[in-house]
Amino acid sequence: MSVDTLNAGSLPAEKEDKPQIVVLISGSGSNMVAIADAVKNGDIDGEIAAVICNRPEAPGIQKAKDRDIETQIVDHKEFASREDFDVALMRAIDEYQPDLVVLAGFMRILTPSFVIRYHGRMLNIHPSLLPKYQGLNTHQRALDAGDEKHGVTVHFVTEELDGGPNVIQAVVPVYDGDDATSLQQRVHTQEHIIYPIAVKWFVNGRLTMKGCNAMLDGNVIPNTGLRLDL
Ligand code: GAR
């Protein structure tokens, strides 16, 4: 049988071989775009198999389409329970057999069975210096606490909300006169730098999760995550 016959009806070999990434979004999708740009320019040697969104009106869906990325909507409002929604979401994700699931502003609390299914191959970005400010309103909470530094964390996802091992953090200063919007913008800029770095490490096989540790090149990453200090 010739190579041509073997390849007939399938994707080109180099496309199939690349690590497959599924990105989950709920909103504007700017982190998804940053990762898609890094894939396009060859910085991330993987492929975004699909962008899946739980909100039909999310602007990020069109941004994915504009980049010729397959999209799917799994609307959480159509499901009676969190469990039913997560089962549908897992079905949608598993169509692509991803090596990595990237939560990029995906604003749903995940059930344990969902988290376990993608154990060690699911990353999240959270706009605070975890373990500080798990949950919502992180920028206002940093301001209310009088913090001089704030930031953003990429971490592996575990059953604890915003609690899995940290991979990388970017630290930004908090200035006098900042409000939640100005601080959020300063943090967001850093998100678009650190998330592609973490995804690149993962698809290159450098970033793994072992037990409760994130590892880079076989070395345990400290609890703070690797720090990008600005
Ligand atoms: C980002 O700021 C991300 O850190 C945050 O949602 C935003 C999504 O922006 N994620 C969380 O709050 C998760 N707990 P984007 O849709 O423009 O990427």
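Atoms within each ligand, like the ligands themselves, are counted from 1 in listed order.
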If you count the non-hydrogen atoms of other residues, nucleotides and ligands that lie under 6.0 Å from CG in Asn204, is the total more than 12?
->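 Count over threshold, so yes.
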In terms of heavy-atom contacts, does CD of Gln97 have more than 12 from other residues, nucleotides or ligands at under 6.0 Å?
->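 No.
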Measure the distance from [atom] to every protein heavy atom, then report the residue, atom name and distance (to 0.1 Å) of the closest one.
| atom | answer |
| --- | --- |
| atom 9 (O) of ligand 1 | His188 NE2, 3.4 Å |
| atom 1 (C) of ligand 1 | Glu191 OE1, 3.0 Å |
| atom 12 (O) of ligand 1 | Pro127 CD, 3.3 Å |
| atom 14 (N) of ligand 1 | His126 ND1, 3.1 Å |
| atom 8 (C) of ligand 1 | Gly105 CA, 3.5 Å |
| atom 10 (N) of ligand 1 | Ile125 O, 3.5 Å |

Is [X] in polar range of ligand 1, meaning some N or O pair under 3.5 Å apart?
| X | value |
| --- | --- |
| Gln184 | no |
| Gly29 | yes |
| Asn124 | no |

Salt-bridged, Lys132 to Asp147, with N to O below 4.0 Å?
->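 Looking at Lys132 and Asp147, the cut-off is met.
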Between Asp99 and Lys18, does at least one N-O distance fall below 4.0 Å, as a salt bridge requires?
->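 Between Lys18 and Asp99 there is no salt bridge, as every charged N stays at least 4.0 Å from the carboxylate O atoms.
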Side-chain heavy atoms of Leu161 within contact of Gln134, under 4.5 Å =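 No, too far: nothing below the 4.5 Å cut-off.
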What atoms of ligand 1 come closer than 4.0 angstrom to any heavy atom of Ser28?
->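 Result: 15 (P), 16 (O), 17 (O).
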Determine whether the aromatic ring centres of His139 and His150 lie less than 6.0 Å apart.
->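 Yes.
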Please determine, by modelled atom types, if Tyr195 and Asn124 share a side-chain donor-acceptor pair under 3.5 angstrom.
->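 Side chains of Tyr195 and Asn124: no pair found under 3.5 Å.
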